[in-house]
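Here the structure is laid out as structure tokens; the discussion comes afterwards.
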Amino acid sequence: MTEKERFDPHIEGVSAEERFNLLLDRDRVIPAEYTNLIAKQDTRDNKERFQRTEYSETWLDLHGKRAETARDFFKQKLTGHPFIDLGGGIGLMRGIASEFGATEYINVDRQYHENLPPNPFEIRHSAPLGNKQNACEIDVHADMLDFVSRLKDGVASFTLNGIDYSIVDDPEYHKALAREIIRATRKDGLIFSIRSMALSEILEQLSMGEKLPVKQVNLQQETGFKLVSPLGHYIFEKVE
Ligand SMILES: C[S@@+](CC[C@H](N)C(=O)[O-])C[C@H]1O[C@@H](n2cnc3c(N)ncnc32)[C@H](O)[C@@H]1O
């Protein structure tokens with residue numbers, strides 16, 4: 001592996017595009033099973049899954065005064081690394097990404113465009129993140145499983161919010177997504193969600209005794225902060 005191929009988030013003076021490209025493995029062979037799962041979603045006649053929603057809003061409580069200890073926990077895990085929002089919609093998590101010191105906030109959303117094919121390798125839009133130097137936000141128009149499958153191992157932290165069966169109706173897709181997210185999460189990085197089936201899948205596998213390189217985090221036990229989330233939330237940390 002050359003120096004250029006290795007992912008190093010601390011490279012100064014490297015453009016958003018170059019940093020984005022360093023996260024991706026363009027030669028990775030995507031299993032035919034994934035291609036079929038993605039194609040099946042793409043041909044669904046259900047435009048409601050592209051609706052604007054605000055499930056992520058719950059995490060905005062982390063900006064509040066009471067949440068200082070929880071903020072410290074998230075900052076410790078996210079600062080200096082890429083943070084990827086799968087199905088991020090209008091990008092409500094951008095402020096969290098900025099406050100927690102992410103180097104990139106990448107919002108991967110398969111919004112519906114009649115004439116715009118999805119492309120996991122293309123930056124649709126990029127801009128500085130907050131008022132930080134060397135941090136950027138990037139929009140990618142792609143299927144989330146397609147995108148995560150193209151990432152190198154262990155490069156980022158992830159959030160998914162509102163990605164349930166009304167958005168993706170196939171349990172096998174959520175299982176594949178869970179597998180790929182775990183692979184692409186960096187050691188000590190986080191995977192967290194409000195109401196997302198891929199994370200319910202991770203919890204189910206852990207509770208059945210499967211050996212996965214992640215552990216569930218109880219935010220209240222860890223930090224004393226109770227996140228009020230009627231729709232349920234999960235946080236996992238990659239441990240190896
Ligand atoms: C219920 S909304 C959630 C939006 C946002 N995360 C929130 O917190 O409200 C689902 C989002 O997933 C996007 N989406 C639907 N299917 C997708 C897919 N296969 N890959 C990527 N994004 C998808 C939709 O465009 C929509 O923005």
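Counting convention: from 1, in listed order, for ligands and their atoms alike.
Using a cut-off of 4.0 Å between Lys/Arg side-chain N and Asp/Glu carboxylate O, R44 and D169 are scored as salt-bridged. Contact check on R19 versus E104 returns a salt bridge, with a Lys/Arg side-chain nitrogen under 4.0 Å from an Asp/Glu carboxylate oxygen.
In Q216, the CD atom is crowded: over 12 heavy atoms of neighbouring residues, nucleotides or ligands sit closer than 6.0 Å.
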For ligand 1, list every N/O pair with the protein closer than 3.5 Å, one pair per line with the distance.
residue  : atom   : partner : partner atom : Å
ligand 1 : 6 (N)  : G87     : O            : 2.8
ligand 1 : 6 (N)  : N161    : O            : 2.9
ligand 1 : 8 (O)  : Y55     : N            : 3.3
ligand 1 : 8 (O)  : S56     : N            : 2.8
ligand 1 : 8 (O)  : S56     : OG           : 2.4
ligand 1 : 9 (O)  : T53     : O            : 2.9
ligand 1 : 9 (O)  : T53     : OG1          : 2.6
ligand 1 : 9 (O)  : E54     : N            : 3.2
ligand 1 : 9 (O)  : Y55     : N            : 2.8
ligand 1 : 19 (N) : D143    : OD2          : 3.0
ligand 1 : 20 (N) : M144    : N            : 2.9
ligand 1 : 22 (N) : R110    : N            : 3.0
ligand 1 : 25 (O) : D109    : OD1          : 2.5
ligand 1 : 27 (O) : D109    : OD1          : 3.4
ligand 1 : 27 (O) : D109    : OD2          : 2.7

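Contacts classified as salt bridge (Lys or Arg N to Asp or Glu O under 4.0 Å) and involving residues 22-33 (residues at least two apart or in different chains) are given here: R28-E180, E33-R179.
The side-chain contact (heavy atoms from CB on, under 4.5 Å) search around Q76 returns none, not counting sequence neighbours. For S207, there are no side-chain contact (heavy atoms from CB on, under 4.5 Å) partners two or more places apart in sequence or in a different chain.
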